[in-house]
Structures are given as C-alpha cells and as structure tokens.
Amino acid sequence: MKDKKKDIRALTKEQLQQFFVSQGDKSFRGTQVYEWLWGKGAHSFEDMTNISKDTRQMLNENFVINHIRVDQMQRSSDGTIKNAVKLHDDLTVESVLIPTPSRTTACVSSQVGCSLDCKFCATAKLKRMRNLNPDEIYDQVVAIDNESRLYFDKPLSNIVFMGMGEPLMNYNNVLKAIEMITSPEGLGMSPKRITVSTSGVPKMIKRMADEEVKFKLAVSLHSAIDEVRTSIMPFNATFPLNDLREALEYWYAKTKSRITYEYVVWKDINDSRRDVEALVRFCKYVPCKVNLIEYNPIGDDHFKQAPESTTNLYVRELERNGITCTVRRSRGKDIDAACGQLANKSKEVAV
Ligand code: SF4
C-alpha cells in the first residue's frame, strides 16, 4: 500500500547502498540512486534513466519520493518572491527569495508553524504542527535556486533560516539539510553563505559550537533587558539573557565566528535610552554586529515601528562604541513576505 512505503530520501547514502546489497545488487547502485535523488533532483523513479526498468519498478514498490510542490508563487513590487510550499501531507510552509544587486538570498522555513510564541510574529499564531524533514528543507532551497536562475539569471548565493519555525527546535533535521546543501552531491554551497537565525536556545547554541558547525549564527535579540524581552518573547523567562550570553561566549570561544543580532525597534517597547545602553553593553560580551530591522506590521496595534530618530540613536550609540550595525529595510511587505510576516496567507499567484 502506498502509505506503507518509506520516504527514500530519509535514507543516508550508506543505508541506500546497504539496501541494494540486501537485494543482491551492487552497493554502487545505491550511489547512483542517491545522486539522482539529491544532485539531480529526480521527482520520480522513472526519471532515473541509467537505472534498469526492473530496478526502478522495485524502488517504486518499496519507496516514495515525497517532493514538495510550489503551490503558489507571489512576486512583490520590489522583486521579492514568496513561495507557498505544499508538503506531502497537505500542510503548507512558506519560503522567500530576496534579490539585491549583489546577491540572491533564500529565507527558508524549518517547522510548520512554530514552537515558540514571539508576540510580534505572525508565524507564532499558527502554533507548531510538525518539524520539516531534511528533504523538505532542501527542496525549498532547490526551488528558490531555480527561481533565482530563471528570474535573476544567477544562482542562489545565500540562505537564511529565518522563515517559519525555530530552527534549533528542529536541530537534527536542519543540520542534515545543511549537510546536503553544502555537500558536492547536493548543491555544493559554502556553509559560510548560510545563516541559522535563532531566538536563542542556549543549550542548542552550545551543542552547535561543540559540533564545530561552519555556518553563521544570528540571534533575534530585540531587547537586552530581561523583563522587556520576556514581555515580547515569553520563552526568555526560561532562557534568560544571562544564559544566552554564556552560550554565545561559548560559541565564540569555540568557533571564532562573529554573531549577528537581529533587532527591531518598537515604539514604547524598546525605544528608551536605557534600552539602547543595555544593547550596547550586551554587544560587548562577544564580537558581533547588529542588524536594525524595519518592523512589518502583522495587524497587532501593540507593535508599532519606532520613529527614525530612535533608530538613529541606536546607530549613533552602537557606532560610538565601535559596534558595526546596519539598518535593514524590509522586503516583500506587500505580499506578507517580510520578516515575521509568514503565516500562510498566500493569495493569487502574481507573476
Ligand atoms: S519569531 Fe521565529 S521563533 Fe519567534 S515565533 Fe516567529 S518563527 Fe517562531
């Protein structure tokens, strides 16, 4: 029966080789099929033209290829593309392609919904339904790479795990996906072009450091004062800033990789001099840079973008203290594709 079949891409290369040996075939056959599945992106066993018909039929009887499907694609007036991606069990996640003159960046999802409950985030309202499998994360990247080549005439250059979900709450699958994205059998991308953005789960940050991962780390900080951060990111009560600081110091000691802090400035929430000073202090613990991000409304009156003068105060004080910072304009706002806006609201395909 179809639902008894196993997702073939859940197998490692070694497991696939062993499967073929157990069928009386050569382990090399496993390598060939693996290449079709990952490097060549085969959607069906029929595509595997250098595999005999009998073998393809045998694979068909035992396995499925659970490919994602880009169900809807929307294009923003600024060129940003948002994909609504249908999974094999009919759930939907979203991923975004952000083009700039120098690069094209994929923002991918790691969970359906999210385990956390950041008050300013549209995804949080969906709650977590399940983790994405490594192949579902990988497929989002492949789909965006194809769109980048088609619409912008260049391959995808960067990936950020900043879509739906907290990547460190789906750690193993995110790591497996990154392994395939960076492997020569997959997309062969440099890990230095990949950023995992977390709301800050100290235990997992330390684990990543221990495993000496080569990708970059970003932290959605938004406040360096515990009570303010807890009011907008309630899990901060469980993982307070001191624990986060300790984990980040550990990360830097092991990896020597600078951290990026993502920070939105909201009116009446984190717009006082005390907030600015707390951020400057926090930034001195570990080498870092700060991205001040323009806020994208999600229909909640509580969160309003602070005036430009407040952002300028942050920039001035950070720079005065030797901390690199950039102000990031929001992209894809008109199609709800901007940071914190992903909530499966895709409408008409607007190409
Ligand atoms: S901001 Fe990120 S971690 Fe927080 S609820 Fe949204 S998707 Fe989850």
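Each ligand, and each atom within it, is numbered from 1 in the order the structure gives. The residues of the chain are indexed from 1 along the displayed sequence.
- Taking 2.8 Å as the criterion, Cys121 counts as a coordinating residue of atom 6 (Fe) of ligand 1, since one of its N, O or S atoms falls below it.
- Heavy-atom contacts of Gly165 reach the following atoms of ligand 1: 7 (S) (cutoff under 4.0 Å).
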Side-chain donor/acceptor pairs under 3.5 Å, residues 218-227, sequence neighbours excluded:
residue : atom : partner : partner atom : Å
His222  : ND1  : Val264  : N            : 3.1
Ser223  : OG   : Ile225  : N            : 3.1
Ser223  : OG   : Ile225  : O            : 3.3
Asp226  : OD1  : Asn236  : ND2          : 3.0
Asp226  : OD1  : Leu241  : N            : 3.0
Glu227  : OE2  : Arg274  : NH2          : 3.0

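- Residue contacts with ligand 1 for Cys114 involve side-chain atoms from C-beta outward but no N, CA, C or O (heavy atoms, distance under 4.0 Å).
- For the pair Tyr261 and Cys325, the minimum side-chain heavy-atom distance is 4.5 Å or more.
- Atom CZ of Arg193 has 12 or fewer heavy atoms from other residues, nucleotides or ligands within 6.0 Å.
- Every residue two or more places apart in sequence or in another chain was checked for a ring pair (Phe, Tyr, Trp, His ring centres under 6.0 Å) with Trp36, and none qualifies.
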